[in-house]
Structures are given as structure tokens and as C-alpha cells.
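These notes are about the structure you will find just below.
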Protein chains: 2
Amino acid sequence: MRGNLFAVAVDLVVLTVRRAELCVLLVERGAPPYAGTTALPGGFVRPDEDLADTATRELAELTGAATGATGHLEQLASYAAPDRDPRGRVLSVGYLAMLPDMTDLPDLVRSPADPDAPTAAWRPVGPLLESPGELAFDHDRILADGVERARAKLEYSTLAASLCPPEFTVTDLRNVYEAVWCTTIDPRNFSRKVTSAEGFLEPTAALVTGGRGRPAQLFRRGTATALHPPMLRQR
Amino acid sequence: MRGNLFAVAVDLVVLTVRRAELCVLLVERGAPPYAGTTALPGGFVRPDEDLADTATRELAELTGAATGATGHLEQLASYAAPDRDPRGRVLSVGYLAMLPDMTDLPDLVRSPADPDAPTAAWRPVGPLLESPGELAFDHDRILADGVERARAKLEYSTLAASLCPPEFTVTDLRNVYEAVWCTTIDPRNFSRKVTSAEGFLEPTAALVTGGRGRPAQLFRRGTATALHPPMLRQR
DNA sequence: ACAAAAGTGTTGATCTTACACCCATGG
DNA sequence: CCATGGGTGTAAGATCAACACTTTTGT
């Protein structure tokens, strides 16, 4: 009945915006196969875990639990080509995680939970998508699927706020859209649109001062998850 | 490293529109667990198969290869709760298939390839979604995810034409939208919208006669896969 | 004063919706 | 003739893109 067994792994596409660029968290593989090459972080599902449990655990191990508060985690797709792993039959479930901008943190992320774990590094996605081949296994495809999902979801969901810190300005939010979509957006129309979308942004009492120009209103995430009307990217 | 192994199955959510209702193809389970109850059709991935291969093969076994021509098949999500199958650890990859209306065929579908296979039957999805609990395993959730995916995709893709026969009228297409969304749509505005959407419909030379009223133009599927502007359902 | 950033007003183009109206067929 | 369904015209409202303009800060 079930003589054909698989190892099941969860691989993470962890995205954030750093220095106005969409970046992904990658690790250097220490063990074969593909030792010494770059790959998406991931690991095998444990006996008592559901898939989302594995994804949550691995994300916490990587970033130190900065996750649940403001971030976002969702299942992407599964990959199981017979020859995708030289060790044998391995099915990998891709998960997409989106974390707030932590540009103040270093490019290298060392796990606080497991100092022996490989060091993770933020890398801009642009070059990785344009010239694939650097990543181990079929991780180029998983990355491409994750980025495309993220780009599509910004259009009709309030997900972009997951890439912002807990309190942010309209310009912070616009910078997320511009980095993920590689476009520029008119700041004035954007501001009107997001502030008038029901449940997207909740104004706080505070203003941001210290920069040049007029101080900006600070917002928190609203309760809405869908965005009506959607934010359309130019094609 | 990989002591924790899974059986991997593909379960199909096969949708079509019959008699103005969205229907799903279900089988009666002949073997334990859940023997005698209703379930989504599915089976285990073979040693040399990728996931899409398994889904394609199972769909062909069920319906007799009427699939590839006009139908649609895409991966949905994976389900792997530790206790979802009493036999042990089984990961199931859900696939969504959408087939043309075959109301002229009987409600029971007997596989031409494998006469021993359980007989499949078309069931309206409405009651199954409103009062879940009838389906085996976690198939209620897989079905709900599949229907929701189909409903969402009609908005911004040309997928609805996959639920129509190779040649169809605008009214056939509108009946698909109305059945999947459980709404009514103004026939006049709908007609203008779909016929003016670039690449959605290609007019043929023929008209449909024989019904009451003015004969309708016959169309084939166009080459476009995305739908601009999208078809919005009322909320 | 000036540059820079935040935010509002306005205008023309496009899209949506509702419905009046005409067209072509079967009975 | 007339009921039925297919299809076009059109006008009111919503939405969008572009940009002039005002507000409020740092230097």
C-alpha cells in the first residue's frame, strides 16, 4: 500500500525589505549534498509536528522568535521531483515568511537558539532571480514562486504591513511596495489610497519628526486582511 | 537525518458545473480506513512520478483522459497533520482540477481504465460545504480550499473557460460564473466585458440555433490566461 | 529663505452599473 | 404576433493617474 516512502522537509522563503531592496534569508550548507553552496533554510518535519509547526519552529530558530508578532507565514507549494535530492525521495513543502524591515540588524543572522546552526545572511532577490543556478536543489524555483506570491498578494491584501515595523509611516509602506514590485508609485495618490482603505491603517497619536520636511503621521496595522479596492501594479 | 518517513498521496478536487450547480467528483471508499464513507479520489505517488504526474494519471483513470484537452489542473496545498490518517504518517498534496460541463454524461463515472476502481459520482458542493463532516480524513478542508481557490481564480483569470466545452456561448460562460459564485450577473454587461477582454474569447464562424430567441455567437478559448480588467464578484 | 517631505484639491480618462432599447428566432 | 433570449446604446456614478498647490519641518 505505501511501500514508497518520502522524507518531508519544509524550506523557507523568508523575505524582508532592507535598504529599499527585497531580500531573502539564505544559509550556507555545511553538509552534503551541495555542501558549501547557498540554499534556502529548511529542515525535516518531526514526528509530532504539522507542517506549519515545522515552519514556525525553523523560523524561530533562524531569527529568534521575532516572528509571530508582526510577521506573516503561509504555505507556498510542494516540490517532489524524483531526482530533486540525490539522497533519495524527499518532498519539500515551501513556506513563505515576510518579516518587518530590520535594517538596523546586521546582514548576518546568527541563531540565538542554536549556535551550531549555519549562519544565515540576507541577500537581494533581484540577481538571484535574474541569473538562477546559485542555489542548491530546486531552490531557485521555490524562491521564484515565493517572490511571485508575495508580489501578487500585495495587490489585494494588506500583507505589505507585515513587512513594516509595528508602527510605520505611509512612506515606509510605500517603500515596501516599491521594493517588492521594483516600481515607483506616486506618493500623493498612494497616501490617499491606503489611508482611505477601510481597516488597512490605524492612525496613532504620534508623528515622526527628525527627518527633513514635514513630520509624518504614524500608523499601526489595521484589522482588515483584504484590500478593497486593490492596489494595482502597472504592467 | 531522515528517520521520519511519510507516505505521500495526491488527492483531487475535481470540479465541474452540472445543471447550473458546482459539483465535485467523489468516490466511496472500499477499504479501511473510513471504508464505506465518501472521500475525494486520490492515491499514492509512485516511485518514478512527480506530483503533477500522479495527479494527471489519477484524473485520467477517473474520467478517461478527457482531461488535458480543455481542462485545468493545478496544485492546491499540502496537508500533513500527524493524526490525519490512522494508518500512520501520510502527507496529502491536494490538486484542483476543473473539467468542462459534461451534463450529458451520467452522474456515476465508471473508470474505463480500471473497472475495479470505485465508482465516482458527481455531488453538488453547496451542502458539503455548509454541513461538513461527511467526507473521510480532512477532505472537507481540502474541498473547501479547492472551491475557494476556484472562486478566487475566476476573478482574475480566464479559467472559467476550462469549465466550458471546447465551443461555447457567452451564456454558457456566464452560467459557469453564476454557478461557481452562487450569484446572478447582468447578461448584457457580462457579454460586453468578456467579448472585449483581449484574448479571452475567440469568435468562431458558427452561431447556435435551435433554442428559443436569437441565435448566439459561438466562441473558443482565447490564448490569454490572465483577465484584464478582472471580473469582480459582488461582496 | 530655501529645500525637502507630507498631505489636499482638481481634472480628464477609464471602468462599472443599471436599464432602455433593438435584433433574430421558435411557436 | 409575441414570448424569449442575444446583443448595443447610453447616462450616472466610482475609480484612477497626473499634477498644481499648500503645510510643516530642518538647515
Side-chain angles (χ1 to χ4, degrees), chain A residues 20 154-156 160 164 167-179 181 183-220 224 226-235, chain B residues 20 154-156 158 160 164-165 167-179 181 183-220 224 226-235:
Chain A
L154 289 206
E155 290 198 318
Y156 54 89
C164 292
E167 300 201 331
F168 53 94
T169 66
V170 170
T171 296
D172 292 335
L173 187 65
R174 180 168 48 85
N175 288 336
V176 165
Y177 274 94
E178 293 181 335
W181 285 348
T183 54
T184 60
I185 305 177
D186 185 295
R188 299 155 299 193
N189 292 333
F190 181 86
S191 171
R192 223 186 327 244
K193 185 150 190 173
V194 295
T195 54
S196 65
E198 198 70 24
F200 195 179
L201 303 182
E202 284 195 11
T204 69
L207 296 181
V208 161
T209 182
R212 281 184 290 279
R214 172 174 165 179
Q217 175 72 247
L218 260 188
F219 293 89
R220 256 184 237 101
L227 183 56
H228 286 293
M231 180 85 53
L232 298 173
R233 47 180 159 165
Q234 315 298 33
R235 323 222 178 209
Chain B
L154 289 206
E155 289 198 318
Y156 54 89
T158 62
C164 292
E167 300 199 331
F168 54 93
T169 66
V170 170
T171 297
D172 292 335
L173 188 65
R174 180 168 47 86
N175 287 337
V176 166
Y177 274 95
E178 292 181 336
W181 285 350
T183 52
T184 61
I185 305 178
D186 184 295
R188 298 155 300 188
N189 293 332
F190 181 85
S191 172
R192 220 187 327 243
K193 184 151 193 174
V194 295
T195 54
S196 66
E198 197 69 25
F200 194 1
L201 303 182
E202 285 194 11
T204 71
L207 296 182
V208 161
T209 182
R212 283 183 291 276
R214 171 174 166 180
Q217 175 72 248
L218 260 188
F219 294 91
R220 258 185 234 99
L227 182 56
H228 287 291
M231 181 84 54
L232 298 173
R233 47 180 159 165
Q234 316 296 33
R235 322 224 180 209

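In what follows, chains carry the letters A, B, and so on, assigned in the order in which the sequence lines appear, proteins first and then strands, with residues in each chain numbered from 1. Keep in mind that what you see is a predicted model, and the values were worked out from it rather than measured.
- Closest approach to the Asp186(A) side chain among dC19(D), dG7(D), dG7(C) is made by dC19(D) (side chain taken as heavy atoms from C-beta onward).
- Checking Gly210(B) against Pro229(B), the closest nucleotide of DNA chain C that is more toward the 5' end is the one next to Pro229(B).
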Using side chain to side chain contact (heavy atoms under 4.5 Å, CB included), reason through Val194(A) and Val170(A) one step at a time and then give a plain yes or no. CA-CA 8 Å; Val194(A) 295; Val170(A) 170; 4.1 Å; yes
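- One interatomic measurement links the two molecules: CE of Met231(A) to P of dA17(D), which rounds to 10 Å at whole-angstrom precision.
- Remark: P of dA5(C) and CZ of Phe168(A) are 20 Å apart, rounded to the nearest angstrom.
- Both Arg174(A) and Thr209(B) sit near DNA chain C, but only Arg174(A) has its closest nucleotide nearer the 5' end.
- Note on Thr171(B): every side-chain N or O is 4.0 Å or more away from OP1 and OP2 of dG5(D).
- Within the nucleic acid shown, Thr195(B) has no heavy atom closer than 4.0 Å to any nucleic acid atom.
- Here the nucleotide nearest the side chain of Arg192(A), chosen from dG6(D), dC19(D), dG7(C), is dC19(D).
- Aromatic ring centres of Phe200(B) and Phe219(B): separated by at least 6.0 Å.
- Between Leu227(B) atom CG and dC15(C) atom P there is a gap of 13 Å when expressed in whole angstrom units.
- Using a 4.0 Å heavy-atom cutoff across all strands shown, Thr169(B) reaches no nucleic acid atom at all.
- Nearest-nucleotide positions on DNA chain D place Asn189(A) closer to the 5' end than the other of Asn189(A) and Pro215(A).
- Separating the CZ atom of Phe190(A) from the C1' atom of dA17(D) is a distance of 15 Å, rounded to the nearest angstrom.
- In this structure, Val208(B) and Pro215(B) have side chains that are not in contact, with every pair of non-hydrogen atoms separated by 4.5 Å or more.
- A donor N or O paired with an acceptor N or O is not found under 3.5 Å between the base of dG6(D) and the side-chain atoms of Arg212(B).
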Side chain to side chain contact (heavy atoms under 4.5 Å, CB included) between Arg220(B) and Glu167(B): does it pass, once the steps are laid out? CA-CA 5 Å; Arg220(B) 258 185 234 99; Glu167(B) 300 199 331; 3.1 Å; yes
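- Within the nucleic acid shown, Arg214(A) comes within 4.0 Å of at least one base atom, counting heavy atoms only.
- In this structure, Glu198(A) atom CD and dT15(D) atom P are separated by 13 Å, rounded to whole Å.
- Spacing between atom CG of Leu207(A) and atom C1' of dG26(D) amounts to 15 Å, rounded to whole angstrom units.
- Per the geometry, NE2 belonging to His228(B) stands 12 Å off P belonging to dT16(C), to the nearest Å.
- Residue contacts shown for Gly211(B) are limited to sugar-phosphate atoms, with no base heavy atom under 4.0 Å away.
- In this structure, the separation between OG1 on Thr195(B) and CG on Leu201(B) is 7.0 Å, given to the nearest 0.5 Å.
- Between Lys193(A) atom NZ and dA14(D) atom C1' there is a gap of 12 Å when expressed in whole angstrom units.
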